[in-house]
Amino acid sequence: MATLLALLALTACAVGPGHPAHARQVTAAQPTPPAQPTPSASPSPTAKPAFKSLAWYVSQVPTFPEAPPPQPVPLPTTGSVPFWHRLPTDQKVAFITIDDGGLARPPGVIEFIWEARIPVTMFLNSPAAEEHTDYFRQIEAVGGVVENHTITHTSLAGRSYDYQKQEICGAADRLEGLFGKRPTLFRPPFGEHDSTTLQAAHDCGAKAVFHWTETVHEGKVRYQTPEKVVQPGDVLLMHFRPALMDDLLAALKAIHRAGLTPALLEQYVR
Ligand SMILES: [Zn+2]
């Protein structure tokens, strides 16, 4: 742990002075830089970054309007949690969420999130989080937040309360043990849920349960709402898959085209 902290401190020095100013707020807590600085992320002003290098991805990120100060949405005060496709807000923000964690974890993602200040919420399956804790901790260190996506990634709809509670609370317990913070948001596998899911999620400490409004895969955004453009409060879903760099970039471009700014879901659901 001491070594990690020392590395983080060194990295902060390395990227501090020359680091470009960022136009938008990412998290309430100051994110710390990744443990492994990548020299290619800071090319000389005249160098053209190689296609799909980290510097290229960073160079493709649009400049966003500054995110408005977050206004947290009202939550039920008793016994239940809301199920949302889209966060009920008029604020000009949209949210990037990344699911699962077991399939692929492109290493460049950590530096990309740091360099481009991309706010991300990670809905993880607890075994993947356990097996690859360092990777997700590094994303956490650059501002990402870990949330709950069950243990076994089984559809919960129609299952007993005890079964659902075991999947949700079991993952929450494990994620809390690994990351030191209990998840407050839950996403059911495949988005499949019933009223028992909402009860169990509540009983396991969740404040809200999220579906999504767009999916992003291999660099393509697929709209699941009639507007075919990202709306305020929209939740974009992608996965820890090999093309995650392309997916992040595609999501950022779609959010920018809509005149919105990416923001962190946890700042709106408190
Ligand atoms: Zn999933």
Side-chain angles (χ1 to χ4, degrees), residues 81-87 94-106 109-110 113 118-133 135-137 139-140 144-159 163-176 178-179 181-194 196-198 200-202 204-225 234-248 250-251 254 264-266 269:
V81 292
F83 178 84
W84 283 321
H85 291 259
R86 165 186 288 157
L87 189 82
F95 305 100
I96 293 175
T97 62
I98 316 174
D99 280 17
D100 300 351
L103 188 62
R105 292 153 305 282
V109 162
I110 300 160
I113 287 172
I118 309 170
V120 299
T121 295
M122 301 175 275
F123 288 97
L124 301 182
N125 300 120
S126 56
E130 186 148 26
E131 194 172 341
H132 308 285
T133 311
Y135 180 83
F136 300 115
R137 277 195 187 139
I139 297 183
E140 230 190 358
V145 178
V146 171
E147 301 290 6
N148 187 353
H149 194 46
T150 74
I151 302 172
T152 66
H153 206 276
T154 308
S155 175
L156 297 179
R159 307 298 295 257
Y163 181 88
Q164 298 202 36
K165 190 175 176 209
Q166 161 57 23
E167 279 286 336
I168 302 172
C169 280
D173 292 346
R174 197 69 201 108
L175 293 169
E176 182 177 9
L178 292 170
F179 300 98
K181 172 194 157 288
R182 194 167 184 81
T184 58
L185 307 180
F186 176 66
R187 174 173 279 152
F190 320 106
E192 294 171 2
H193 71 290
D194 55 21
T196 305
T197 312
L198 302 187
H202 169 270
C204 297
K207 294 178 177 173
V209 175
F210 277 94
H211 196 263
W212 55 84
T213 44
E214 287 85 17
T215 60
V216 192
H217 183 45
E218 295 184 339
K220 273 211 171 72
V221 177
R222 291 182 173 79
Y223 295 91
Q224 317 227 318
T225 57
D234 268 10
V235 178
L236 292 86
L237 163 68
M238 61 195 70
H239 292 83
F240 284 97
R241 286 177 182 157
L244 182 52
M245 300 285 277
D246 295 317
D247 295 345
L248 285 166
L264 190 70
L265 203 45
E266 284 77 3
V269 184

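Note that ligands are numbered from 1 as they come in the structure, with each ligand's atoms numbered from 1 the same way.
Scanning both residues, Gly102 and Arg105, for their nearest heavy atoms gives O-NH1, 3.2 Å.
Closest N/O/S atom of Asp100 to the Zn ion (ligand 1): OD1.
Residue side and main chain included, Asp99 places no N/O/S atom under 2.8 Å of the Zn ion (ligand 1). The Zn ion (ligand 1) has an N, O or S atom of His153 under 2.8 Å away, backbone or side chain.
Between Lys220 and Asp247 no salt bridge is recorded (no basic side-chain N to carboxylate O distance below 4.0 Å).
Side-chain N/O atoms of His217 and Arg222 include no donor and acceptor closer than 3.5 Å. Using modelled atom types, one finds no donor on one side chain facing an acceptor on the other under 3.5 Å when comparing Glu266 with Thr184.
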